[in-house]
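Worth saying up front: this structure is predicted, and the values here are computed from it rather than measured.
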Number of protein chains: 2
Amino acid sequence: MPMGRPRAFDEDEAVRAAVGLFGGRAYDGVSVDDLVNHLGVHRNSLYKTFGSKRGLYLVALRRHLADDVGPLVDALAAAPDVATALRLMADADLGLLLLAAVDRAPADDEVATEVTSALAALDQAVAAALGVPADLASAITAAALGLRLRGDPEEAGAALARRLDPTT
Amino acid sequence: MPMGRPRAFDEDEAVRAAVGLFGGRAYDGVSVDDLVNHLGVHRNSLYKTFGSKRGLYLVALRRHLADDVGPLVDALAAAPDVATALRLMADADLGLLLLAAVDRAPADDEVATEVTSALAALDQAVAAALGVPADLASAITAAALGLRLRGDPEEAGAALARRLDPTT
DNA sequence: ATCAGTCAAGAACGATCGTTCCTCAACGGC
DNA sequence: GCCGTTGAGGAACGATCGTTCTTGACTGAT
């Protein structure tokens, strides 16, 4: 079977660039023209490779979860206290996950599934590392998301950690 | 000067309906057709009254802040402990504020200004009511936003409040 | 009854959206 | 060489976007 013309773009690079774009503004705020211009992928190849704008979004979201959230879960497993856990989550690049949760999950069940399981993984990591009940762990994850959403003035997270875990 | 034909719609009702729509999905997910169909205002009147879709959005956001966030600030002033404050914020209707913060504030400076000052008002109310430092107060506000963003399983907020304020 | 002024009703605008189509260039196998 | 296949390059599609225009209905004052 013939082989055809080789690709002129790096699929991994393209998906990373998509993570950056989708993590920076709302789904409907990123046009296919924006993607074509910033990804180095031509329209036709984009649809041939990812099927649709939503298909590319889902691939980008999963890459974000694998590349950014996964390592965070691993790092959390070694967190000795609440302050460390909060700082790890607040410093991590969670832009696309946060935006997906607020912007797309209500309108896209598949996105909602990915977001829910990613947050559950963070909850479990926090609960296991700190030895706290599940409900408190998910509240700590929620607090970290809230801090990130506000721009995280750094002192706020530290103050919360101090209050949550007086031993540090 | 002649008086002209009277309006067939209630401007307050229309703005409230807009708050509901914009609070339910992202700005770009609400079309002008959606607004016309759900607000009981005709296209022409909408533009005559609010200038543009963005103009209506800003009016709706300010109404949301005045009608929903303002009373919350007042209620927070009487909150005796962290648990009460968290529950007040988690139970309040903060849909549009949350969506505005994540979805529109990064792209619209005027929205960003409104969001920032609303969150600052919440911070101040929490700090004054609970007698905590400003950084911890803003962290508590952030935690409430995070809980709301996650769907707030009720136990999570309670667990966090218990840990934050052991006297309750 | 007439007139100026405001709103309702809906068609229509250009722009942009996501998507598809068509043509040509670049490859491996015969 | 040629053929089958795949990607690049753009033009072009219908649909929908936010916005405006046109027409006529309804108002209070003259």
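Residues satisfying the side-chain hydrogen bond (donor to acceptor under 3.5 Å, both in side chains) test with S31(B), not counting sequence neighbours, are D34(B). Every residue meeting the side chain to side chain contact (heavy atoms under 4.5 Å, CB included) condition with E114(B), not counting sequence neighbours, appears here in chain and number order: L61(B), R62(B), L65(B). Residues passing the side chain to side chain contact (heavy atoms under 4.5 Å, CB included) test with S117(A), sequence neighbours excluded: none. Judged as a side chain to side chain contact (heavy atoms under 4.5 Å, CB included), and not counting sequence neighbours, the contacts of V132(A) are L130(A), L136(A), A137(A), R163(B). The side chain to side chain contact (heavy atoms under 4.5 Å, CB included) check on N44(B) picks up nothing, with sequence neighbours excluded.
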Side-chain donor-acceptor pairs under 3.5 Å in residues 89-103 of chain B, sequence neighbours left out?
unit_1  : atom_1 : unit_2 : atom_2 : d
D93(B)  : OD1    : G95(B) : N      : 3.3
D103(B) : OD2    : Y27(B) : N      : 2.9

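Applying the salt bridge (Lys or Arg N to Asp or Glu O under 4.0 Å) test to residues at least two apart or on different chains, the pairs with a partner in residues 38-53 of chain A are D33(A)-R43(A). For residues 131-142 of chain B, no residue pair satisfies the salt bridge (Lys or Arg N to Asp or Glu O under 4.0 Å) rule, not counting sequence neighbours. Legend: side chain to side chain donor-acceptor pair (under 3.5 Å) pairs involving residues 70-80 of chain B, not counting sequence neighbours: none detected.
At least one donor-acceptor pair under 3.5 Å links the side chain of R150(B) to the backbone N or O of S138(A).
Residues from residues 17-44 of chain B placing a heavy atom under 4.0 Å of any atom in DNA chain C, listed by number, are H42(B), R43(B), N44(B). Residues from residues 48-56 of chain B lying near DNA chain D, meaning a heavy-atom separation below 4.0 Å, are S52(B), K53(B) in numerical order.
The nearest whole Å value for the distance from the CZ atom in R7(A) to the P atom in dT5(D) is 18 Å. Atom CG of L46(A) and atom C1' of dG7(D) are 13 Å apart (whole Å). Atom-to-atom, OH of Y57(A) to P of dG18(C) comes out at 14 Å; the value is rounded to the nearest Å.
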Atom pairs under 3.5 Å: protein N/O with N/O of nucleotides 25-27 of chain C:
unit_1  : atom_1 : unit_2 : atom_2 : d
dA25(C) : N3     : R5(A)  : NH1    : 3.4
dC27(C) : O2     : G4(A)  : N      : 3.4

